[in-house]
Amino acid sequence: MLTILFDGIAYGMLLFILAVGLAVTMGLMNFINLAHGAFAMVGGYATVLLMQRTNVPFLLCLPLAFAISALLGAVLERTLYRPLYRKPHLDQVLFSIGLTFMAVASADYFIGSSPQIIQLPEWLKGRTELGEGAWMLGMGHYRLFIIAVCTALTVALQYVLARTRFGTRLRASVDDQRVAAGLGINVNVVFLGTFAVGSGLAGLGGALGAEVLGLDPTFPLKYMVYFLIVVAVGGTSSITGPLLAALLLGIADVAGKYYIPKLGAFIVYSLMIAILIWRPQGLFVRQGGK
């Protein structure tokens with residue numbers, strides 16, 4: 001039972017890093033980017049190709065995956081996404097889902113449809129077991145590594161948004177772009193940086209998740225619903241909401257597949273429906289938000 005809880009927490013933390021960029025773009029920038037999973041796929045494939053073809057160490061591939069995805073996100077934000085900020089949400093959905101299908105087709109054409117395998121360093125393989133019987137805790141070393149990395153990123157994100165000048169400028173730009181611009185804030189640069197960081201986090205999540213979730217050209221479509229569930233259940237007004245939602249969904253998914261495998265993802269969708277009936281606006285919302 002403790003092992004299932006541990007694996008669920010690791011899975012939930014991974015989902016959070018994958019989905020937090022989408023929560024930022026939807027909640028803070030008011031843009032629905034259904035191509036978010038494509039940036040995660042880019043990070044995963046960048047890691048695989050760097051390790052297989054140039055023998056770059058795994059730990060060095062992680063910041064490179066972040067940088068490559070962030071750079072791609074910055075370029076696309078400047079050229080394709082920015083003109084759509086003021087468009088209706090339906091236009092944003094159609095554009096981003098089209099971009100997703102283009103990314104899937106491109107990955108299938110240039111890399112192939114076969115699932116990719118990452119060779120982890122020896123020190124990340126293996127498992128440590130504590131206790132006995134039903135209370136035995138089996139901790140996979142790689143899942144423990146995922147929890148540590150994602151925890152550090154969560155603390156850093158919370159600090160940046162709540163305590164730094166950039167976080168203050170971002171919140172001001174979201175609340176009223178015209179007033180923020182009148183105060184001397186370059187709203188376009190703030191949004192560019194935010195979108196790039198969100199894309200980079202998705203790429204980092206894809207690099208970390210390639211071994212756990214698998215990686216093939218259908219990755220953006222396969223996990224799109226999970227990203228949307230995390231954002232919808234957690235709310236888009238803070239980091240805390242998506243984090244709690246991702247942990248709940250991760251634990252529920254792992255436990256459901258272990259105890260009731262025939263139901264598949266039914267447990268996750270049931271939990272989502274129950275939470276949204278209880279709190280339609282998500283678990284966390286800004287004070288006074290509707």
statement: Looking only at heavy atoms, the pair that brings Ile275 and Leu248 closest together is CD1-CD1, 4.3 Å

message: Assigning hydrophobic clusters by single linkage (Ile, Leu, Val, Met, Phe, Trp, Tyr; side-chain heavy-atom cutoff under 4.5 Å), is Phe39 placed with Leu49?
response: yes

field: Atom CH2 of Trp123: over 12 foreign heavy atoms under 6.0 Å
entry: yes

task: Check step by step if side chain to side chain contact (heavy atoms under 4.5 Å, CB included) holds for His36 and Asn33.
output: CA-CA 6 Å; His36 185 74; Asn33 180 27; 4.2 Å; yes

- prompt: Does any non-hydrogen side-chain atom of Ile277 lie less than 4.5 Å from one of Ile273?
  reply: yes

- prompt: Taking C-beta and beyond as the side chain, do Phe110 and Tyr45 meet within less than 4.5 Å on heavy atoms?
  reply: no

- request: Please assess Phe58 against Met51 for the test side chain to side chain contact (heavy atoms under 4.5 Å, CB included), listing each intermediate value before the final yes or no.
  value: CA-CA 7 Å; Phe58 176 72; Met51 292 182 66; 3.7 Å; yes

Nearest atoms (heavy-atom pairs only) where Leu34 meets Met224: O-CE, 3.6 Å

field: From CD1 (Ile4) to NZ (Lys257), nearest 0.5 Å
entry: 13.0 Å

- prompt: Between Thr218 (side chain) and Leu221 (backbone), is there a donor-acceptor pair under 3.5 Å?
  reply: no

task: Would you check if there is a donor-acceptor pair between the side chains of His141 and Thr128 at a distance under 3.5 Å?
output: yes

- prompt: For the hydrophobic clusters of this structure (ILVMFWY residues joined by side-chain heavy atoms under 4.5 Å, transitively), does one cluster hold both Leu192 and Leu84?
  reply: no

- line: Heavy-atom nearest pair, Ser113 first then Asp108, reads CB-OD1, 3.0 Å

message: Centroid separation under 6.0 Å, is that true for the rings of Phe191 and Phe195?
response: no

message: Working note: Ile147 + Phe6, criterion side chain to side chain contact (heavy atoms under 4.5 Å, CB included); need CA distance, chi angles, decisive distance, verdict.
response: CA-CA 9 Å; Ile147 292 176; Phe6 174 81; 3.6 Å; yes

message: Using 0.5 Å steps for rounding, measure from the CG atom of Leu183 to the OG atom of Ser173.
response: 9.5 Å

- prompt: Quick one: are Leu161 and Phe166 in side-chain contact, heavy atoms under 4.5 Å?
  reply: no

message: Please find the pair of heavy atoms, one from Ala180 and one from Ala172, that lie closest to each other, and give the distance.
response: CB-O, 3.8 Å

message: Just verifying a value: how many Å separate Met41 CE and Gln116 CD, rounded to the nearest 0.5 Å?
response: 11.0 Å

task: Could you tell me whether a side-chain N or O of Gln52 sits under 3.5 Å from a main-chain N or O of Leu50, the two making a donor and an acceptor?
output: no

- prompt: Among Asp91, Thr25, Leu90, Val93, whose side-chain contact (heavy atoms from CB on, under 4.5 Å) with Ile32 holds?
  reply: Val93

task: For atom CG of Leu94, decide whether the heavy atoms of other residues, nucleotides or ligands shown that lie under 6.0 angstrom number more than 12.
output: yes

task: State, with a plain yes or no, whether a side-chain heavy atom of Leu201 is found less than 4.5 Å away from one of Phe66.
output: yes

- prompt: Would a 4.5 Å heavy-atom cut-off, applied to side chains only, mark Ile229 and Tyr269 as touching?
  reply: yes

- request: Using modelled atom types only, decide if a donor and an acceptor are shared between the side chain of Tyr223 and the backbone of Leu213 within a distance under 3.5 Å.
  value: yes

- line: Minimal heavy-atom distance between Pro242 and Ala23, with the atoms involved, is CG-CB, 3.9 Å

query: What's the spacing between Asn55 CG and Cys61 SG if we round to 0.5 Å?
result: 10.0 Å

- prompt: Should we say atom CZ of Phe266 is surrounded by more than 12 heavy atoms from elsewhere, each under 6.0 Å from it?
  reply: no

field: Heavy-atom pair with the smallest gap, counting every atom of Ile267 and Ala252
entry: CG2-O, 3.8 Å

- prompt: Run the side chain to side chain contact (heavy atoms under 4.5 Å, CB included) check on Ile9 and Met13 step by step: do they pass?
  reply: CA-CA 6 Å; Ile9 291 174; Met13 294 294 286; 4.2 Å; yes

- prompt: Quick one: does Met139's side chain get under 4.5 Å of Thr3's, heavy atoms only?
  reply: no

- prompt: Do Val187 and Val179 share a hydrophobic cluster (ILVMFWY, side-chain heavy atoms under 4.5 Å, transitive)?
  reply: no

- request: Determine the sole option in Thr47, Val212, Leu215, Leu208 for which the side-chain contact (heavy atoms from CB on, under 4.5 Å) test with Ile118 is passed.
  value: Thr47

- prompt: Going from CG on Leu18 to CG on Leu14, what distance comes out if it is rounded to the nearest 0.5 angstrom?
  reply: 5.0 Å

query: More than 12 non-hydrogen atoms from neighbouring residues, nucleotides or ligands closer than 6.0 Å to NZ on Lys87, yes or no?
result: no

- prompt: What distance separates Met272 CE from Tyr226 OH, expressed to the nearest 0.5 Å?
  reply: 11.0 Å

Contacts table for residues 70-79: side-chain donor-acceptor under 3.5 angstrom, sequence neighbours left out:
residue: Glu77; atom: OE1; partner: Arg82; partner atom: NH2; Å: 3.1
residue: Glu77; atom: OE2; partner: Tyr85; partner atom: OH; Å: 2.6
residue: Thr79; atom: OG1; partner: Val75; partner atom: O; Å: 2.8

